[in-house]
Amino acid sequence: MTKSFYLTTAIDYVNGQPHLGHAYEKVVSDVIARARRSLGQEVFFLTGLDEHGQKVQQAAQSEGKSPQAYCDALALDWRTFATELQLSNQDFVRTSDPRHKSVVQAILTKLNNEGHFYRSKYRGFYSTRQETFLTEKDRRPDGSFDSIYGEVTELVEENYYFKLRDHQQWLIDYIEHNPDFIAPSYRRNEVLGFLKNNDLEDLCITRPAARLSWGIPLPFDPEYVTYVWFDALANYISVPAAYGDPALRAALPDLKLNEPTGDQRLALWPADLHVIGKDILKFHAVYWPIMLKAIGLSLPKQILVHGWWQKDGEKISKSTGNIIDPLAVIKDWGLDAFRYYVTRELAIGPDGNWTDAGFASRYTAELANGIGNLLNRSLAMLRSYRNKTVPARHDELAHEASKTVEAVRKQLLEPDLQGALQTLFSLITHANQYIDQTAPFKLAKDPAQAQRLDEILYNLMEVCRILAVLIWPFLPSTAEKIFAQLGLLKSPSDFNLAVWGGLPSGHVTNDPAPLFPRRDTLPSPA
RNA sequence: GCCAGAGUAGCUCAGGGGUAGAGCAGAGGACUCAUAAGCCUUUGGUCGCAGGUUCAAUUCCUGCCUCUGGCACCA
């Protein structure tokens, strides 16, 4: 059993409908997953939902539903969302899954037995709305609390805590010795700055069941449910454990979950990549590694931190109506146009700025006039001049194409998705220049130039074929369409197909049809 | 306030001790296979401000100004 490339997204809190930020993270992750598969790796891509907590409990109550029924309904929307984005995830985890609960309880039992937890009283001001205790730092000069906290009450509570204090130094060392552990590097610097300038405080990992019943009960104290950390973060290992991952089974020998047999067993841990938003960096780069070390597991290879989207230079906000509805955009422009814009517009890391004009501009200039038109004009010429039949192989653009292929391969592995798209589009530009320089439409009028015309047409068709393979991780449907128009029966999902000379002489293509029809309207307001 | 980082063409950004670069936008042109697409040419800049080091600074140093991110929740 060889270990798969294991890739996760953050699991989203099931409190409302998916928006652009969720869609972005999922698409980026999916492109990486598809790229790795295309390059020949076995990939396990996991996404899912975080369902426990007070907000869900309250929302369910106000709708007169059980929390589980409430989550079931929303989970349907989120699964549909994943489908609409054409995510290629292998599994979809929900923290209310029985398999997840079993793993969480096994972890808690083990860490409790090994003395990682202690019980302690805490008196403080509690904000129900924010589900958090407030400190003196949260107070305003007049002693009151900001209205974002809602009603604040003072209460005394006994809870369980996870000892973090002893873990600070090894974690600093680990991050310093593993420069790729947190990417981009400025996020790594932030974490190191935090770890070096603050003393870690122990982590409160429970809530009294009396106050919060919608959670996973502590196996050693039914008066409590576990809270956030050992619930949500644990999804990354609960699913591998359910698939019988050897590393996890070894770390959690008392796990009460049937082990799958034969082909269903998977080796996934350690994760190769956690894709997360910058808001949850600390949890993933500080708490999570410490939890894993305590459990006795190795750390994920990389935490890749993406930025947030703005719209028209302003913060996206439901209350001001400054929002993007990804599903509306997809309905209007097509999924691949959406996937293209969010991966092309910004690198993974910095914040991005969504503008409808920018979206329309990339659609027209790059998708319609770029890749769409290149395929269209190339196929149209082959149809007019050679009755759709591919001439003998000729290698005039082979060098340029293979240079592009190798550069894209590197960028996909990094992963530099924006860079890969830029590289790939340089081949489109090159092919368009080639058409102008060689003017096949002039040669077609002179029978004496038939040989030269054959050569040019072959080069164009072959570039289009290779482009489809390169673009497949980003725009799977478009890549399939290109192959279909080229009359190819295979799927463009294998990077090995991006080798020059794949089109056999005599092969007959199909008719051209615009991949991205030009349009003159802006996307409808979300 | 503290810690990073950034200020370069209308916009987004790359670069880097010695005549300033790309893409998009703008202007002009030749062509016609194509989704009136594509191609070629081209106008734009005291490289944030002030000092310093140097034969030479946009680049290195110092100070200042402005902005962004992090330090508290949120994809």
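Within every chain, numbering begins at 1; the chains are lettered A, B, ... in the order of the sequence lines, protein sequences first and strands thereafter.
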Nearest to the side chain of [X] - [options]?
{"X": "A/K445", "options": "B/A75, B/G69, B/C33", "value": "B/C33"}
{"X": "A/M381", "options": "B/C33, B/A75, B/U35", "value": "B/C33"}
{"X": "A/P514", "options": "B/C74, B/U35, B/G70", "value": "B/U35"}
{"X": "A/F441", "options": "B/C74, B/C33, B/G70", "value": "B/C33"}
{"X": "A/A380", "options": "B/A75, B/U35, B/C33", "value": "B/C33"}

- Message: Reading RNA chain B from 5' onward, which residue's closest nucleotide shows up sooner: A/R187 or A/S361?
- Response: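 By nearest-heavy-atom nucleotide position, the 5'-most residue is A/S361.
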Any [X] side-chain nitrogen or oxygen under 4.0 Å from OP1 or OP2 of [N]:
{"X": "A/Q433", "N": "B/C40", "value": "yes"}
{"X": "A/K278", "N": "B/G69", "value": "no"}
{"X": "A/R518", "N": "B/A37", "value": "yes"}
{"X": "A/N369", "N": "B/G38", "value": "yes"}

- Item | With sequence neighbours excluded, residues passing side-chain hydrogen bond (donor to acceptor under 3.5 Å, both in side chains) with A/E400 |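 Applying side-chain hydrogen bond (donor to acceptor under 3.5 Å, both in side chains) to A/E400 gives none.
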- Query: Is B/G44 in the syn range, within 90° of 0, or in the anti range?
  - Reply: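 Syn, angle within 90° of zero.
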Tell me the partner of [N], counting only Watson-Crick (N1-N3 plus N6-O4 or O6-N4) or G-U wobble (N1-O2 and O6-N3) with both under 3.5 Å; none if nothing fits.
{"N": "B/C33", "value": "none"}
{"N": "B/G51", "value": "B/C61"}
{"N": "B/G5", "value": "B/C67"}

Counting the atoms with a prime plus P, OP1 and OP2 as sugar-phosphate, which does [X] contact under 4.0 Å by heavy atoms, base, sugar-phosphate, or nothing?
{"X": "A/G277", "value": "sugar-phosphate"}
{"X": "A/L379", "value": "nothing"}
{"X": "A/G372", "value": "base"}
{"X": "A/P440", "value": "nothing"}

Aromatic contact, [X] with [Y] (centres under 6.0 Å):
{"X": "A/Y340", "Y": "A/F474", "answer": "no"}
{"X": "A/F230", "Y": "A/F162", "answer": "yes"}
{"X": "A/Y363", "Y": "A/W333", "answer": "yes"}

- Message: Are B/A75 and A/Y24 stacked, with the base six-membered ring and the side-chain ring centres under 5.5 Å apart and planes under 30°?
- Response: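 Not stacked: fails the 5.5 Å / 30° test.
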- Query: With A/L335, which of A/I330, A/T478, A/L475 fulfils side chain to side chain contact (heavy atoms under 4.5 Å, CB included)?
  - Reply: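 Passing option: A/I330.
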- What about A/N373: does its side chain form a donor-acceptor pair under 3.5 Å with the base of B/G38?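 Absent.
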- Message: Using the C1' atom as the point on both nucleotides, what is the distance between B/C47 and B/U59, in whole Å?
- Response: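 After rounding to an integer number of Å, I get 9 Å for this pair.
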